Amino acid sequence: MKKKLFTRNFLLLIFGQASSLFGNSILRLALSMYILDRTGSAALFGGVLSVAVVPTILLSPLGGFLADRMDRRNLMVLLDALTGSAVLLTALTLSWRDSISPVVQLLVFLSVLGAFETPTVQACIPSMLSGDNIVRGNAVVSQAAAISGLTAPALGGFLYAAFGLLPVMYTSILCFFATAASECFIHLDRRQPSEGGRLLSMVRQDLSLCTKYLCRERPSVLKLLLLAALSNFFVMGAAAVGFPYLVRTVLGLDARYYGAAESALAVAALGGSIAA
């Protein structure tokens, strides 16, 4: 018998992801605009974004390690609650001290949390669904991310241009806490505690198994990963830094135009994926 895809657990996960992705999108757009407005330099802007993404690169393997061994529901709730709390603390700091350093610290902290959240959410889908529904569930999660990419930049750009940074931050705070609250009602099978051992040795063992799988068992997957990394290195970096700099500094347009342009890029990306 074909099992139901949109179960209560899966609907709660989708709602949480839509809310979290929307909050993340409007927040990151507003923070990027704030940094660019304060510095006016493409070099400084690119340097800040580069520093902020380093924790995600370094800690993502540890995020997968924790997702395999901890209670995934509790981990998701903790990460979203920490995200909302960090944004709230930064907003309160900016309300009495206008400075760029709290924003940079927030971007780095969000990068750290993102390294743990993404593998945890992805690992929850096989725990909720089975068979062909796993593929369909992943597609639904991707569509939720695409919809957020279509709507959030335009709305975030409008809010930032009309009201400034703080209202956007408070909107994202509501999104993160709503996500954490909805995730509290997700029920997953309790995971058996893993065998004891030293943390570093377990991480090393996991990385060894992953390397063996990619290099010996599935080298084609490794080639695809390297190709994606190469394209991201040359294309995404230039787009993430050059595109907002051109819109805001060179053309002198406000954040509403940049948000609308980001939404247009999301439409193009969605169309390209459908065509492919």
Side-chain angles (χ1 to χ4, degrees), residues 17 20-21 23-25 27-29 31-32 34-35 39 42-72 74-87 89-90 100-125 141 145 172 176 179-180 194 197-219 221-242 244:
Q17 279 303 288
S20 178
L21 290 171
N24 257 310
S25 296
L27 177 64
R28 290 184 182 276
L29 183 141
L31 293 179
S32 298
Y34 179 80
I35 293 173
T39 62
L44 289 175
F45 179 59
V48 169
L49 295 184
S50 299
V51 170
V53 81
V54 168
T56 297
I57 298 174
L58 297 179
L59 297 177
S60 288
L62 184 58
F65 171 82
L66 292 178
D68 281 339
R69 287 168 170 80
M70 291 185 63
D71 188 300
R72 293 166 183 167
N74 293 342
L75 186 57
M76 288 191 300
V77 172
L78 175 63
L79 291 173
D80 284 305
L82 284 175
T83 303
S85 300
V87 180
L89 180 61
T90 304
I100 196 174
S101 58
V103 174
V104 176
Q105 294 169 8
L106 176 62
L107 284 173
V108 174
F109 188 68
L110 292 178
S111 179
V112 172
L113 296 180
F116 298 100
E117 184 171 10
T118 300
T120 304
V121 172
Q122 292 173 342
C124 281
I125 296 177
V141 172
S172 68
F176 292 128
T179 300
S194 57
R198 292 185 177 181
L199 176 62
L200 290 179
S201 64
M202 289 190 291
V203 172
R204 190 162 46 244
Q205 181 181 4
D206 279 8
L207 292 177
S208 176
L209 291 174
C210 178
T211 303
K212 179 182 177 182
Y213 177 80
L214 290 175
C215 295
R216 298 182 182 179
E217 299 180 22
R218 291 290 188 271
V221 175
L222 178 60
K223 293 176 182 178
L224 285 174
L225 291 175
L226 292 175
L227 180 61
L230 185 65
S231 64
N232 277 326
F233 181 80
F234 288 104
V235 178
M236 296 304 295
V241 177

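Just so it is clear, the structure is predicted and the values come from calculations on it, not from any experiment. Computation of the quantities below employed the complete heavy-atom set of this structure, encompassing side-chain atoms and omitting hydrogens, waters and symmetry-equivalent molecules.
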- Item | Test item: Val48 and Thr39 side chains (from C-beta on) under 4.5 Å apart, heavy atoms | no

- Query: Between the side chain of Thr56 and the main-chain N/O of Ser111, is any donor-acceptor distance below 3.5 Å?
  - Reply: yes

- Item | Nearest-0.5 Å distance, CE of residue Met76 to CG of residue Asp71 | 9.0 Å

- Message: Checking the side chain of Ser20 only, and the main-chain atoms of Thr179 only, is there a donor and an acceptor separated by less than 3.5 Å?
- Response: no

- Glu117 vs Asp80 side-chain heavy atoms within contact, under 4.5 Å: yes

- Query: Of all heavy-atom pairs between Pro102 and Thr90, which one has the smallest distance, and what is that distance?
  - Reply: O-CG2, 3.8 Å

- Leu29 vs Ser25, side-chain contact (heavy atoms from CB on, under 4.5 Å): CA-CA, chis, key distance, verdict: CA-CA 6 Å; Leu29 183 141; Ser25 296; over 6 Å; no

- Task: Starting at CZ of Arg28, measure out to CG of Leu106 and round the result to the nearest 0.5 Å.
- Result: 8.5 Å

- In sequence, state the C-alpha distance, the side-chain angles, and the governing distance for Leu82 and Phe176, and then conclude on side-chain contact (heavy atoms from CB on, under 4.5 Å). CA-CA 9 Å; Leu82 284 175; Phe176 292 128; over 6 Å; no

- Item | Nearest-0.5 Å distance that lies between atom OG1 in Thr83 and atom CG in Leu113 | 4.5 Å

- Item | Criterion side-chain contact (heavy atoms from CB on, under 4.5 Å) on Asn74 and Leu78, from CA distance to verdict | CA-CA 6 Å; Asn74 293 342; Leu78 175 63; over 6 Å; no

- Note on the structure: Between Ala123 and Arg72, the two heavy atoms sitting closest are O-NH1, 2.9 Å

- Gly114 and Pro119 have their tightest heavy-atom pair at O-CD, 4.4 Å

- Would you give the length of the straight line joining atom OG of Ser172 to atom CG of Leu110, rounded to the nearest 0.5 angstrom? 8.5 Å

- Query: If you measure from CD1 on Ile100 to CG on Leu44, what distance do you get to the nearest 0.5 Å?
  - Reply: 8.0 Å

